[in-house]
2 protein chains.
Amino acid sequence: MEPIVRDADIAPVAALIADPTRAAILTALLDGRALAAGELARVAGVSAATASAHLAKLLDGRLVGVVRQGRHRYYRLAGHEIAEVLEALAGISARPPVRSLRQSRQARQLEEARTCYDHLAGRAGVGLLDRLKEGGYYDGHDVTEAGERLLSGLGVDVAGARASRRRFAPECLDWTERRAHLGGALGAAVTEVLFERGWYRRGSVPRAVILTDAGREGLEELFASKELTSVTPVT
Amino acid sequence: MEPIVRDADIAPVAALIADPTRAAILTALLDGRALAAGELARVAGVSAATASAHLAKLLDGRLVGVVRQGRHRYYRLAGHEIAEVLEALAGISARPPVRSLRQSRQARQLEEARTCYDHLAGRAGVGLLDRLKEGGYYDGHDVTEAGERLLSGLGVDVAGARASRRRFAPECLDWTERRAHLGGALGAAVTEVLFERGWYRRGSVPRAVILTDAGREGLEELFASKELTSVTPVT
DNA sequence: GGGGCCCTTAGGCGGCGGGCGAAATGTCGG
DNA sequence: CCGACATTTCGCCCGCCGCCTAAGGGCCCC
């Protein structure tokens, strides 16, 4: 009866996330973009020196990656797995009370539409997945033939996403809606196209995204043009 | 350009997991059972007083629950969400090198079959899900009609699992196999039946489970009795 | 109801780690 | 090349947190 078995030791990674300053940095990077060290220092509310030390640790722990560009160094999350851990943690963490009117406005914005690292989430993400299912384009873990045609026609590189080592098209549980939206390589590819087409644009609040007029029309047309091939709403 | 938006603050929860002793305690509870405070002190390698202090913090942070029974206090994880966070963290954590022969034997045992909180994982879990899919009993997010018959016949309370507030039958990504096994309320219900029938029993290593002879026969018969209704192996 | 076991509380010690300012490194723009 | 800006490195202080031993409840059993 001794040390028993060695699991993966999670403590060091958790310790990296456990510091409030580092947590703020990681949260700021949750929208998938790369931010400069100075910006991260500002959002975390610490001096540049302090932020630099934290970033060095996060880098060493492989939670973030860095790309040097001139005199700036842009940091980003090391991958979607990191984002998923942060989302999972957020799911069991106390949500601090919303205070100001402005904050509640921003909170509503995030509930409406936001990115979950690199794919669409919030009511918009959940709604999109619903319409894909209702239209018979997606069956819970893969796109149907009709779905592949639909998305390819939109400009989504479905084959490329399928070839990725990342999971192809898993459902990703949404911690505000408590319902699923489209995640994985396909979710990211679709979201990329939504931005390229200008159907969604990034809002002023970090992870918020906004449906444009073009997007409203485009999505409506996209799902209206096809007759409903299957009316088996998944409970 | 001020405080921006308040996300759920994940740092306090991460800090609870970040201490090696607490991480050891949580990992020990990962098999879903409740352990007495003294046992947890032993597996973590600290004095009873130290363990008690840690358990008080975990309790305060709602990561564990406690049930008093006589002069013992049994602690367990507060829910499957907690287990999922720990699994996700393990997925991005460095796996410590296996040292002794005994440890590598145990590691192989865990890779073969183990519990993932309250449902079957490892090669056994992945294999079970594969056979459910191959037989047309499960379609990636729900059981088919045939699947409901099969499992109900086995004694699984499918309706009860479906009524649960927990997700019904999601695929759960396995961090050793990097493939999916059956999770959620249904995964737990199925696993419960497997234990009840004596098809699997718990091994000596905490999360390890072992296929019994009865289990080998039972599973073989279960999947052989039905002809393969569908031969569309999911890539 | 008294002794033994399980667990918690109290107190004190030691170390790790995050904070800052100042100076060094590196890069861009003239 | 030189000054401006972004980032890192260095040296130092300070507070927090985990550890132990010892003592204090609670519960069981004889």
Side-chain angles (χ1 to χ4, degrees), chain A residues 1 3 9-29 33-78 93, chain B residues 1 3 9-29 33-78 93:
Chain A
M1 49 183 81
D9 48 336
I10 60 182
V13 182
L16 286 174
I17 309 175
D19 179 78
T21 302
R22 285 193 295 265
I25 289 174
L26 292 169
T27 302
L29 295 174
R33 284 182 301 181
L35 295 182
E39 299 181 85
L40 290 171
R42 274 194 307 107
V43 306
V46 293
S47 74
T50 302
S52 181
H54 285 303
L55 287 168
K57 289 184 181 179
L58 291 174
L59 202 57
D60 186 62
R62 313 259 178 187
L63 291 195
V64 303
V66 65
V67 48
R68 307 179 47 155
Q69 209 166 100
R71 49 186 168 181
H72 298 272
R73 294 198 184 179
Y74 292 96
Y75 289 86
R76 70 169 79 195
L77 292 188
S93 300
Chain B
M1 51 183 83
D9 47 335
I10 59 182
V13 181
L16 286 175
I17 309 175
D19 177 78
T21 301
R22 284 193 296 263
I25 288 174
L26 292 170
T27 302
L29 295 174
R33 283 182 302 179
L35 295 182
E39 298 181 86
L40 291 171
R42 274 195 306 108
V43 305
V46 293
S47 74
T50 302
S52 180
H54 285 304
L55 287 169
K57 289 183 183 180
L58 291 174
L59 202 56
D60 186 61
R62 313 257 177 189
L63 291 195
V64 303
V66 66
V67 49
R68 307 179 47 155
Q69 208 166 101
R71 48 187 170 182
H72 297 273
R73 294 199 182 179
Y74 291 97
Y75 288 86
R76 70 173 130 180
L77 292 188
S93 299

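Numbers restart at 1 for each chain; the letters A, B, ... are given by sequence-line order, proteins then strands.
- Taking 4.0 Å as the cutoff to heavy atoms of chain A, we find the contact window on DNA chain D bounded by D:dA4 to D:dT9.
- At its two ends the helix from C:dC7-D:dG24 to C:dG30-D:dC1 runs along axes set 40° apart, each axis drawn from five pairs and the angle rounded to 10°.
- DNA chain C lies under 4.0 Å from at least one heavy atom of each of the following residues of residues 58-72 of chain B: B:Arg71, B:His72.
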Please write out each protein N/O paired with an N/O of nucleotides 19-25 of chain C under 3.5 Å, distance rounded to 0.1 Å.
unit_1	atom_1	unit_2	atom_2	d
C:dG19	OP1	A:Thr21	OG1	2.8
C:dG19	OP2	A:His54	NE2	2.3
C:dC20	OP2	A:Ser47	N	3.3
C:dC20	OP2	A:Ser47	OG	3.3
C:dC20	OP2	A:Thr50	OG1	2.6

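- Applying the side-chain contact (heavy atoms from CB on, under 4.5 Å) rule to B:Ala48 yields no partners; only residues at least two apart in sequence or on another chain are considered.
- Looking at heavy-atom distances under 4.0 Å, B:Ala37 makes contact with sugar-phosphate atoms alone, never a base.
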Anything under 3.5 Å between a donor and an acceptor, one on a side chain of residues 10-17 of chain A, the other on a protein residue two or more places apart or in another chain? List them.
none

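- Counting any heavy atom pair closer than 4.0 Å across all strands shown, A:Ala36 reaches sugar-phosphate atoms only and no base atom.
- No contact: B:Ala56 has no heavy atom under 4.0 Å from any strand.
- A pairwise comparison of heavy atoms in B:Ala44 and B:Ile25 identifies CB-CG1, 4.1 Å as the closest pair.
- In terms of the side chain to side chain donor-acceptor pair (under 3.5 Å) criterion, residue partners of B:Arg33 (sequence neighbours excluded) are, by chain and number, B:Asp31.
- From A:Leu35, atom CG reaches atom CZ of A:Arg76 across 10.5 Å, with rounding to the nearest 0.5 Å.
- Residue A:Lys57 is the one, among A:Arg73 and A:Lys57, whose nearest nucleotide of DNA chain C lies closer to the 5' end (criterion: closest heavy atom).
- Using a 4.0 Å heavy-atom cutoff across all strands shown, B:Tyr75 reaches sugar-phosphate atoms only and no base atom.
- Following rounding to the nearest Å, B:Leu35 (CG) and C:dC7 (C1') show an atom-to-atom distance of 15 Å.
- The two residues B:Ala37 and B:Tyr75 have their closest heavy-atom pair at CB-CE1, 3.9 Å.
- Of all heavy-atom pairs between A:Asp9 and B:Ser93, the closest is O-CB, 3.5 Å.
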Using residues 50-65 of chain B as the side-chain source, report each donor-acceptor pair under 3.5 Å to any protein atom, sequence neighbours left out, with the distance given to one decimal.
unit_1	atom_1	unit_2	atom_2	d
B:Thr50	OG1	B:Ser47	OG	3.0
B:His54	ND1	B:Arg22	NH1	3.1

